[in-house]
Protein chains: 2
Amino acid sequence: MEAAPNPDAYDLLFAALAHPARRRILISLNFAGGTMSAGQIAELFGHAWPTTTRHLQAMEAAGLLRHERVGRTRLYHLDTSKLALGRGWLDWFERDPVHGGPRRSNDLERENHDPGAVSIEHRGRRS
Amino acid sequence: MEAAPNPDAYDLLFAALAHPARRRILISLNFAGGTMSAGQIAELFGHAWPTTTRHLQAMEAAGLLRHERVGRTRLYHLDTSKLALGRGWLDWFERDPVHGGPRRSNDLERENHDPGAVSIEHRGRRS
DNA sequence: GACTCATTTAGCATGTACGCTAAATGTTGA
DNA sequence: TCAACATTTAGCGTACATGCTAAATGAGTC
């Protein structure tokens with residue numbers, strides 16, 4: 001691969017959400033009030049602990065979790081702000097962006113510059 | 001692997017959104033009014049056509065696109081209903097999952113009635 | 001200090017994702 | 001019918017994801 005040498009926040013976010021174990025961790029954390037120890041989380045699954053540890057790291061990299069050491073346990077805290085980023089992205093599709101309502105300048109994509117970096121020239125043809 | 005022999009709708013959806021090229025395709029389609037030919041889409045990228053074709057297939061598998069043949073071109077149509085699925089999932093984190101109000105509480109051990117299919121039973125001891 | 005508990009790090013195996021090029025498919029138009 | 005066009009399918013290589021087990025770390029306990 002070489003398409004994403006620098007995965008952006010959206011890459012990390014949606015990739016984090018793409019795995020059922022990770023979604024389940026988030027849901028469970030949410031249910032638990034936002035905080036669980038690594039052990040409690042690991043017990044949710046049949047997976048080996050290191051497997052869950054890595055899921056946790058992936059989500060921490062995506063900014064969905066933070067952790068804190070308390071004695072010999074580690075507490076993981078849910079951080080929902082990044083989820084809002086995902087919601088913001090999805091909201092782009094709630095209306096017709098061209099003929100419909102005004103375009104809010106949400107952040108959206110921004111891989112390089114704007115939403116899709118669209119340059120639609122209808123009737124395109126390549127040589 | 002064996003964790004996802006049958007990727008569910010959320011897996012497919014979020015995985016589809018995890019790649020910048022695919023997000024850009026969706027944005028572009030939305031921007032263009034919901035429909036573009038495969039060629040127009042392919043021209044958005046420096047990628048080879050087959051690469052884009054496969055992105056399109058991934059999104060079609062996720063239910064985000066449909067296509068239609070018109071003469072020798074193929075028109076891809078945006079289907080935003082599956083995006084609503086993602087929004088619905090994210091909405092689980094907007095409120096207190098237990099009491100329905102604003103986030104609070106710190107209890108563990110909660111019932112299961114959500115997309116993540118949580119079944120928290122702590123005190124489990126894996127042998 | 002030695003032992004145990006809680007968790008992570010290291011390292012391995014396998015499958016999938018994603019890029020590519022070459023060939024195939026199906027359509028239109030002469 | 002043949003050539004050009006629009007797009008997909010086939011097949012390849014590499015990198016990354018995800019599972020595992022074994023070893024390492026760090027914190028309390030005796």
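Sequence lines set the chain letters: A, B, ... in the order given, protein chains first and strands last, and positions in each chain run from 1. All values derive from a computational prediction rather than experimental measurement.
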(request) Please name all residues satisfying side chain to side chain donor-acceptor pair (under 3.5 Å) with B/R74, sequence neighbours left out, ordered by chain then number. (result) none
(request) Tell me whether the OP1 or OP2 atom of C/dA17 has a side-chain N or O from B/H55 closer than 4.0 Å. (result) no
(message) Whole angstroms only, please: what is the CE-P distance between B/M36 and D/dA6?
(response) 17 Å
(request) Write down the distance between CZ (A/R69) and C1' (C/dC5), rounded to a whole number of angstrom. (result) 14 Å
(request) Could you work out the complete set of other residues in the hydrophobic cluster of A/V70, with links drawn between I, L, V, M, F, W and Y side chains under 4.5 Å apart? (result) A/L75
(message) What is the distance, to the nearest angstrom, from the CZ atom on B/F45 to the P atom on C/dC20?
(response) 12 Å
(message) I'd like to check the ring-ring contact (aromatic ring centres under 6.0 Å, His included) partners of B/H77; sequence neighbours left out, ordered by chain and number.
(response) none
Strictly under 3.5 Å: I want the nitrogen or oxygen pairs between protein and nucleotides 7-11 of chain C, one per line.
residue, atom, partner, partner atom, Å
C/dT7, OP1, A/A38, N, 3.4
C/dT7, OP1, A/G39, N, 3.3
C/dT7, OP2, A/G39, N, 2.9
C/dT8, OP1, A/Y76, OH, 2.5
C/dT8, OP2, A/T53, OG1, 2.5
C/dT9, OP2, A/Q57, NE2, 2.3

(message) Which residues pass the salt bridge (charged side-chain N to carboxylate O under 4.0 Å, His left out) test with A/R66, not counting sequence neighbours?
(response) A/D79
(message) Output the rounded distance in Å from CD (B/E60) to P (D/dT7).
(response) 14 Å
(request) Name all residues meeting the side chain to side chain donor-acceptor pair (under 3.5 Å) criterion together with B/Q57; count only those two or more places apart in sequence or in a different chain, and write none if there are none. (result) none
(message) Could you check whether B/R24 makes a cation-pi contact with B/F45, meaning its NZ or CZ is under 6.0 Å from the centre of the six-membered ring and within 45° of the ring axis?
(response) yes
(message) Whole angstroms only, please: what is the CD-C1' distance between B/E43 and D/dC5?
(response) 13 Å
